[in-house]
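Throughout, a chain's letter reflects where its sequence line sits, starting with A, and its residues are numbered from 1. Note that the structure is predicted; figures quoted are calculated from it, not measured.
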Number of protein chains: 2
Amino acid sequence: MDTSERLIRSTQELLWDRGYVGTSPKAIQQRAQAGQGSMYHHFKGKPDLALAAIRRSAEELRAESEVALGGGGTALERIEKYLRRERDVLRGCPVGRLAQDPDIIASDDLRQPVHETFDWLRHRLAEVLADGVARDELPADLDPEDTAATVAAVVQGGYVLARAASSPEPFERAIDGVRKLLGAISQH
Amino acid sequence: MDTSERLIRSTQELLWDRGYVGTSPKAIQQRAQAGQGSMYHHFKGKPDLALAAIRRSAEELRAESEVALGGGGTALERIEKYLRRERDVLRGCPVGRLAQDPDIIASDDLRQPVHETFDWLRHRLAEVLADGVARDELPADLDPEDTAATVAAVVQGGYVLARAASSPEPFERAIDGVRKLLGAISQH
DNA sequence: GTCTATAGCTGGATAGAC
DNA sequence: GTCTATCCAGCTATAGAC
């Protein structure tokens, strides 16, 4: 793995764990085993490197989510597969985490990949739900966009509750709760 | 308002907007119009002052939530009242925000009020839901604990989606989505 | 209680040698 | 491409005067 790649991956990890404000160039360099000059040769500075790392994390999240959502089965099965994805619950969402960071939200450049990821996710979830309505697996009066937002929010909020509790339990409960609600309405 | 009080309130605001990592004693002092020595006279240091501010924010959040949840009406009406509380959506939740902060999660002392707040909220929501089941307003097979976690998570996750989008819209949608799901199952 | 001085450390970056 | 030296501002706190 070359230096530029190591820098990007290290930045992804540190942004995930400590956020933008809590991540220093020095920490990135140490984790990537790269020198000061090396980092500033490959990237213009902290925001430039962070942007590369955020874009990478966004791509990865989309690809992983698509595995669940683009698979076979009923709409409900695909949503459940998304909800039950393997997750490092206490670490939280590598992309959602960034939405909490003041410096990322203040910069349109840094915020854009985060914005796009969640727009894509809500749109993709809504497609699956609309598909379920079309196939009569879900009731006709279900609103795919609103429900998609709810599903995405339960996951992101589940992380918050889990981190507050230092336990995955509230996350699991929140997921189970929405699964049961969707299951209940699907039996017309 | 005395100096100690001004320091606490300023810290609450800054923790809300910038998190623990992003909040410096200097910024707190300037916002509180207090000098360096003044702050270190009233508090042992940044963690001590932050703890006081976090506890205050936790109390306030509980009190405000209780207004909605402890009011009259059916269980569903009380949950909806909680969901529709006036909120500064793009600013996020003053307590939930802290669950994202690595230094807060790493410290049992600082994390405790955050933990307690969400434990209380889930428990209180579950009580209201269980009440609705007992009164036959909600179906007997509804799981109050899981559903309570879902409701709390939708709100916290709604903030994440809204901040990512720089718009309250995804928050409103997520709330509407869960309201409609609860409404649908309540018509047995 | 509040003020100023001082301190050591880190953040984020530039410059120039190799 | 990578290394070391250097820079200035900010962070977090202590000390002692008033």
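For the pair A:K46 and A:Y20, the cation sits on the ring face: its NZ or CZ lies under 6.0 Å from the ring centre, inside 45° of the axis.
Across the protein-nucleic acid pair, B:D103 atom CG and D:dC11 atom P stand 15 Å apart, rounded to whole Å. Distance A:Y40 OH to D:dC7 C1': 13 Å, rounded to the nearest Å. Rounded to whole Å, atom P of D:dA13 lies 10 Å from atom CG of B:D48. Between the NZ atom of A:K46 and the C1' atom of C:dA13 there is a distance of 12 Å, rounded to whole Å. Put simply, CZ on A:F43 is 18 Å from C1' on C:dT14, counting in whole angstrom units.
We find that A:E64 and A:R85 are joined by a salt bridge, their nearest charged nitrogen and carboxylate oxygen being less than 4.0 Å apart. Salt bridge annotation for A:R91-A:E13: present, with a cationic side-chain nitrogen under 4.0 angstrom from a carboxylate oxygen. Taking 4.0 Å as the cut-off between side-chain N and carboxylate O, B:R9 and B:E5 count as a salt-bridged pair. Under the 4.0 Å criterion applied to side-chain N and carboxylate O atoms, A:E127 and A:R78 are not assigned as salt-bridge partners. Comment: B:E59 does not engage B:R62 in a salt bridge, judged by the lack of any side-chain N to carboxylate O separation of less than 4.0 angstrom.
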Report, one pair per line, the protein and nucleotides 1-4 of chain C atoms (nitrogen or oxygen only) whose separation is under 3.5 Å.
| unit_1 | atom_1 | unit_2 | atom_2 | d |
| --- | --- | --- | --- | --- |
| C:dT2 | OP1 | B:T3 | OG1 | 2.9 |
| C:dT2 | OP2 | B:S38 | OG | 2.8 |
| C:dT2 | OP2 | B:H42 | NE2 | 2.9 |
| C:dT2 | O5' | B:S38 | OG | 3.4 |
| C:dC3 | OP2 | B:G35 | N | 3.3 |

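For the segment residues 13-30 of chain B, the set of residues with a heavy atom within less than 4.0 Å of an atom of DNA chain D comprises B:T23, B:S24, B:P25, B:K26, in numerical order.
Side chains of B:R97 and B:L15 form no contact here, defined as non-hydrogen atoms less than 4.5 Å apart.
Partner of B:R173 under the side-chain hydrogen bond (donor to acceptor under 3.5 Å, both in side chains) criterion, chosen from A:D146, A:T150, A:T147: A:D146.
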